[in-house]
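Worksheet for the structure shown next.
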Number of protein chains: 2
Amino acid sequence: MTLIERNMDQTSLPLVVVPNCVPSLSEPLLRCIDRFDGKARVQLYAQPKDVTDPAELVARCTGADAVIVLGFHVTDAMFEALQPSVRCFAFGGTGIANYVNVPLAKQRGVRICNVRHYGDQSVAEHAVALMFELAKRTGRMDAQMHKSGWPGFDAIQLGGRTLGIAGFGGIGKATARIARGIGMNVMEWSRSSHAAEAEAMGVTESPSLAHLFETCDIVSLHMTLSAQSEGIIGADLINKLRPGAMLINTARSQLVDSPALLARLQKGDISAGLDVFDAEPLPDDSPLRGLANAVITPHNAWRTDAASEGIVQQCVDSVLAWLDGKAVNVVV
Amino acid sequence: MTLIERNMDQTSLPLVVVPNCVPSLSEPLLRCIDRFDGKARVQLYAQPKDVTDPAELVARCTGADAVIVLGFHVTDAMFEALQPSVRCFAFGGTGIANYVNVPLAKQRGVRICNVRHYGDQSVAEHAVALMFELAKRTGRMDAQMHKSGWPGFDAIQLGGRTLGIAGFGGIGKATARIARGIGMNVMEWSRSSHAAEAEAMGVTESPSLAHLFETCDIVSLHMTLSAQSEGIIGADLINKLRPGAMLINTARSQLVDSPALLARLQKGDISAGLDVFDAEPLPDDSPLRGLANAVITPHNAWRTDAASEGIVQQCVDSVLAWLDGKAVNVVV
């Protein structure tokens, strides 16, 4: 662990603590740490791997006015231990209800901030990378080539095929833009209509989720997980996929009836590219690990240099706004 | 081997023989074999793997008027053995000077046809798939995940980065289109200027090949191999690549000073995605097989369903044109 301090001699300034910061985040944070000059003291704990011990994290945050939370949960006990000192928590993630008790923070008048759309492009690129790996097996040929031989593969061309995008928010649109550049036909379905925006992108709107699953060569999921969307991709939809179809999931596993997907994959007539799983890390005995027609990655879609830069910049933005009496990325 | 015959009872029709045809080509050929009805008899030898024995191939072609050549070379001895019967050879490839003695065919008045642009989209997609594998390591994470564990990777976002395209023909343009869809900045260099066309695609023209190598995050080669372009990517250019840069080659290995590229890769500060090699198949003792910063595939870029379809359709087009006194894809 390396403790990096900034402006600590200016004791009249409020204190911002970053109690846990891995290199992919500390590097961009250090590049912009001067944004706090004249506005706050900063203590940044940089280390190679995440620290998750609550007592250690609380000790590091003691006396802070604001905390930037990267890579750990704030339990109720931790939250209480830091009262009344810490009045602002800026989280480096989007769906933070699992990371902090938002109603409790609201009740105590503590500001909670998140980050938004920082990973849209990176996640869209990962969805497309999974499609390419399923269509071309570039990575699998490379793995074999690094051993021996000359292992060819009868690949599929993506250009000319039809991609169905389920969920047409920031990530879905970014995926559609890339797919259009590849020369794919793109169809989208979303809970609310985006017909005009879709048309401007050369994308058609599907009348139903069932139609999307019935007609597309590839379906990529880009919905947010909510009470309404949990389990929305049921056995009925999975079994509508054509033989040879591909399902891509870089969103959330809980959108999908996982046993039904596994059964269809075990039947062997579709393939899937999955970055998300019911249990993460994926258990070593998961049957997905044995399926040649599943390309699986460790919830890594969001994890790029550009997304890390976006997370860090938005956390700094929201803390500086709070210090300045303004509101950026405020949850409560 | 399966012999498929069509219209053989119409003995007054000319005979077209396809003496060697693997499944990826026999399947699309059988789907359109009725295009010969009323115009030619057809004998198609379908088999799981390429037959390359000259005596066997000559025996299969004896008495043919036209031969569709897929997956083998026509030596001078084979050519002579089939004279004066075979008056047209339609090759399922582009650069066919290595596959038949073109001046000899011209001297004997035998028509030689090739196929064109059939693989532009597929090769462009492979170049992009190699970029994604270098940036995201999707395939390598998948290979590890199929064993055990949860191996994350600090990936690179392609959107916002600059791609340099060396050679702005059909494949270079197809690659540029995909890269623009990803949100990359694209720069091209070609022996002749394509400024207007580039501008319409949102692509800038580089003043020199050296500038392309100096300034781009990724350089992808799409030049044809000729006396002028052989070795054009020398040590001087390779050493202009920035630390962290990627070089993609889906064109020809002979464009590149391979020892200089190997030396830079062994230094470890660039990475490369390579589908082509000085010797193919790549020898098992090639040092490229041991380099983690090289993603290598077995000259597979062109090999997709859509490209196979294009090859077959163009071969049939050119033979039917020859039978009809017309000219399609004529080399001599």
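Protein chains get the first letters and strands the later ones, always in sequence-line order, with residue 1 at the start of each.
No more than 12 heavy atoms of other residues, nucleotides or ligands sit less than 6.0 Å from atom CZ of Arg252(B). The neighbour count for Glu199(B) CD, taken as heavy atoms of other residues, nucleotides or ligands under 6.0 Å away, does not exceed 12. Atom OH of Tyr45(B) has more than 12 neighbouring heavy atoms from other residues, nucleotides or ligands inside a 6.0 Å radius.
Note that the CZ atom of Arg180(A) and the CD1 atom of Ile178(B) stand 13.0 Å from one another [nearest 0.5 Å]. Note that CG of Asp275(A) is 11.0 Å distant from CG of Asp142(B), once rounded to the nearest 0.5 Å.
Contacts between residues 22-29 of chain A and chain B, defined by a heavy-atom separation under 4.5 Å, are made by Ser24(A). Contacts with chain B (heavy atom to heavy atom, under 4.5 Å) involve these residues of residues 305-317 of chain A, listed by number: Asp305(A), Ala306(A), Ala307(A).
The two atoms that bring Thr138(B) and Ala129(A) nearest to each other are OG1-CB, 3.5 Å, heavy atoms only. Ser122(B) and Gln157(A) get closest at one heavy-atom pair: OG-OE1, 2.8 Å.
Contacts of Arg177(B) with chain A are made by both backbone and side-chain atoms, with heavy-atom separations under 4.5 Å. Contact of Asp154(A) with chain B is made through backbone and side chain together, with heavy-atom distances under 4.5 Å. Contacts between Arg137(B) and chain A at a heavy-atom distance below 4.5 Å are absent for every atom of the residue. Contact of Arg303(A) with chain B is made through backbone and side chain together, with heavy-atom distances under 4.5 Å. Interface remark: Ala135(A) contributes no atoms to any contact with chain B (heavy atom separation under 4.5 Å).
Contact count versus chain A (heavy atoms, under 4.5 Å) is highest, among Gly159(B), Gly149(B), Gly290(B), Ala179(B), for Gly149(B). The choice from Lys147(B), Met131(B), Arg161(B), Gln144(B) that makes the most heavy-atom pairs within less than 4.5 Å of chain A is Arg161(B). In terms of non-hydrogen atom pairs under 4.5 Å with chain A, the most contact-rich of Pro151(B), Pro281(B), Ser148(B) is Pro281(B). Of the listed residues (Ala301(B), Ala124(B), Ala155(B)), the greatest number of heavy-atom pairs within a distance under 4.5 Å of chain A belongs to Ala155(B).
Looking only at distances, no side-chain donor or acceptor of His146(A) sits under 3.5 Å from a matching main-chain atom of Ile296(B).
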*Given Lys136(B) and Asn300(A), is the side-chain contact (heavy atoms from CB on, under 4.5 Å) satisfied, shown in steps?*
CA-CA 9 Å; Lys136(B) 291 244 170 210; Asn300(A) 210 82; over 6 Å; no

_Verdict with reasoning, Glu133(A) to Met141(B), per side-chain contact (heavy atoms from CB on, under 4.5 Å)_ = CA-CA 11 Å; Glu133(A) 182 58 24; Met141(B) 288 191 287; over 6 Å; no

_With side-chain contact (heavy atoms from CB on, under 4.5 Å) as the criterion, how do Gln121(A) and Ile182(B) come out once you've worked through the C-alpha distance, each side chain's angles and the decisive distance to 0.1 Å?_
CA-CA 9 Å; Gln121(A) 174 71 19; Ile182(B) 295 171; 4.1 Å; yes

*How far apart are the C-alpha atoms of Met145(A) and Thr297(B), what are their side-chain angles, what is the distance that settles it, and do they pass the side-chain contact (heavy atoms from CB on, under 4.5 Å) test?*
CA-CA 7 Å; Met145(A) 290 277 285; Thr297(B) 52; 5.7 Å; no

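Using the six-membered ring where Trp is involved, Phe277(B) and Trp150(A) have ring planes that are perpendicular, over 60° apart on the 30 and 60° scheme.
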